[in-house]
Each structure stands twice: as C-alpha cells, then as structure tokens.
Amino acid sequence: MLTTLLAFLGACTLIAASPGPSTVLIIKQSLRSRRSGILTVLGNETGVFIWGVVAACGLTALLAASELAYDVMRIVGAVVLVVFGIQTLRQARRADGQAEAAWAGTEKGDWASYRGGLLLNLANPKAAIFAMSFLPQFVPGGAPHLPTMIGLAALWAVYETGYYSMYVWFVGRMRAVLSRSGVRRRLEQVSGGVLLLLGARLALES
C-alpha cells in the first residue's frame with residue numbers, strides 16, 4: 001500500500017507540474033493577492049475531488065462514451081476559458097491597481113476567486129476523462145473500489161492544494177517586482193492571451 005501511495009503522489013506531482021488553464025488562472029489570481037490565489041486553488045481542488053467522486057461512481061464513463069455529451073462540455077469549457085481570457089485582458093487595461101486590490105479583499109472577490117477555480121475545473125471534460133483513467137490504476141487488488149477511489153480523490157485534491165499553494169507563495173514573495181504596473185499589466189496580458197488560446201484550442205478539438 002505504501003508503494004502504491006508513493007507512486008500515486010509521484011503521479012500527482014507530474015500532473016500538477018504540467019502547465020494548463022488551472023495553473024494560469026491560479027498565477028493570475030495570485031497577482032492580486034495571496035488570499036485570492038489560495039481561494040482559486042481551493043475552488044480548483046474542489047473540482048478535482050468532485051470529478052474523482054464522479055469517476056468513482058462510474059459516471060464519467062458515460063461522458064467518455066457519449067460524443068454529444070463530451071462535445072457539449074468541450075464547448076462549455078472553451079467558452080469559460082475565453083470569458084476568463086477576455087476578463088483578464090480587460091483587467092490588464094485598468095490603471096487603478098488600488099481599486100483592484102480592494103476588490104480582491106471583498107467578500108464578492110473571495111467568492112469570485114473560489115468560483116473561478118471551481119468553474120474552470122468542472123467545465124473541463126478532459127479533467128473528467130482523466131480522473132476516470134487515472135484513479136483506478138492505483139486501487140490495490142482486493143480493495144473496495146468506491147471508498148478507495150474517493151479516498152484517492154481526496155488525497156489528490158489535498159496534495160495539489162499544497163503544491164499549488166507554493167505557486168501562490170512564490171508570487172507573493174515576488175510581489176515587490178510583480179506589483180509594478182508595467183510588469184503586472186504585461187503578466188495579465190500574457191495570462192489573458194494564454195487563456196484565449198487554450199479556449200480556442202479546446203473549441204477546435206475534434
């Protein structure tokens with residue numbers, strides 16, 4: 001069991017280290033504040049756990065088998081990415097950084113950060129299919145399938161929370177440099193452009 005867990009955590013590290021929409025969004029939100037970055041991480045990992053539970057119940061097999069269901073989720077995911085990209089590019093044009101920092105500390109901003117991470121993950125059909133193919137590989141022979149997969153999903157989410165929190169911490173440590181208006185605006189522009197490209201790629205996939 002220990003060997004299985006170590007292999008599982010190693011695989012989780014490789015997954016988290018692979019750049020994707022969630023990484024871009026977490027870094028973007030961390031530019032606002034650590035609080036915003038952490039809440040985005042928690043939203044994303046809530047989505048990871050939900051997909052893990054759905055996979056454990058076998059429901060993601062329906063998504064994999066249904067081309068229509070997959071395409072609907074793919075388009076929804078692409079729209080979400082494009083919307084986030086456009087919002088980020090608009091934010092890059094804002095000159096009043098203090099107003100944006102104030103926004104990040106409000107209750108509305110907290111919910112928006114968490115919701116953004118959650119929505120981005122749940123709107124990604126690849127996350128669902130991946131959970132279905134990834135988690136069963138680490139269920140030991142003879143172990144009860146459903147509770148073991150749910151436990152692995154919880155461990156996956158907790159581990160990634162710690163991993164992505166290092167991104168938030170690093171951005172916070174670099175705040176003196178990243179808070180400069182020109183640097184911040186450029187990073188926002190890059191983040192928005194990447195999200196738009198990822199959305200377009202997802203929409204054009206067959």
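All values below were derived from every heavy atom in this structure, side-chain atoms included, with hydrogens, water molecules and symmetry-related copies excluded. Nothing fancy with the numbering, it's 1 onward along the sequence.
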Residues passing the side-chain contact (heavy atoms from CB on, under 4.5 Å) test with Ile27, sequence neighbours excluded, are Thr23, Tyr167, Val171
If I take atom [atom1] from residue [X] and atom [atom2] from residue [Y], how far apart are they, to the nearest 0.5 angstrom?
| X | Y | atom1 | atom2 | answer |
| --- | --- | --- | --- | --- |
| Leu42 | Ile26 | CG | CD1 | 9.5 Å |
| Met132 | Met149 | CE | CE | 9.5 Å |
| Arg35 | Gln29 | CZ | CD | 13.0 Å |
| Leu31 | Met174 | CG | CE | 11.0 Å |
| Leu135 | Trp156 | CG | CH2 | 5.5 Å |
| Leu9 | Thr4 | CG | OG1 | 11.0 Å |

Glu45/Thr161 under side-chain hydrogen bond (donor to acceptor under 3.5 Å, both in side chains): CA gap, chis, key distance, verdict: CA-CA 7 Å; Glu45 298 315 313; Thr161 298; 4.8 Å; no
Heavy-atom closest pair, residues [X] and [Y]:
| X | Y | value |
| --- | --- | --- |
| Ala153 | Gly52 | CB-CA, 3.7 Å |
| Thr148 | Ala143 | OG1-CB, 3.7 Å |
| Ile38 | Ser165 | CD1-OG, 3.6 Å |
| Val48 | Glu160 | CG2-OE1, 3.8 Å |
| Gly37 | Ser30 | CA-OG, 3.5 Å |

Answer yes or no: is there a side-chain heavy-atom contact under 4.5 Å between [X] and [Y]?
| X | Y | result |
| --- | --- | --- |
| Phe134 | Leu152 | no |
| Leu155 | Leu5 | yes |
| Tyr159 | Thr13 | yes |

Under 3.5 Å donor-acceptor, Ser133 side chain and Phe130 backbone: yes
Taking the side chain from Trp51 and the backbone from Asn121, do they hold a donor-acceptor pair closer than 3.5 Å? yes
When clusters are formed by joining ILVMFWY residues with side-chain heavy atoms under 4.5 Å apart, either directly or through shared neighbours, do [X] and [Y] land in the same one?
| X | Y | answer |
| --- | --- | --- |
| Trp111 | Ile50 | yes |
| Val24 | Val80 | yes |
| Leu122 | Leu39 | yes |
| Leu197 | Leu204 | no |
| Phe49 | Leu146 | yes |

Quiz question: by atom type and distance under 3.5 Å, do the side chains of Tyr164 and Thr40 form a donor-acceptor pair? no
Does the plane of the ring in Phe138 sit parallel, tilted or perpendicular to the ring in Phe8? Use 30° and 60° as the thresholds. perpendicular
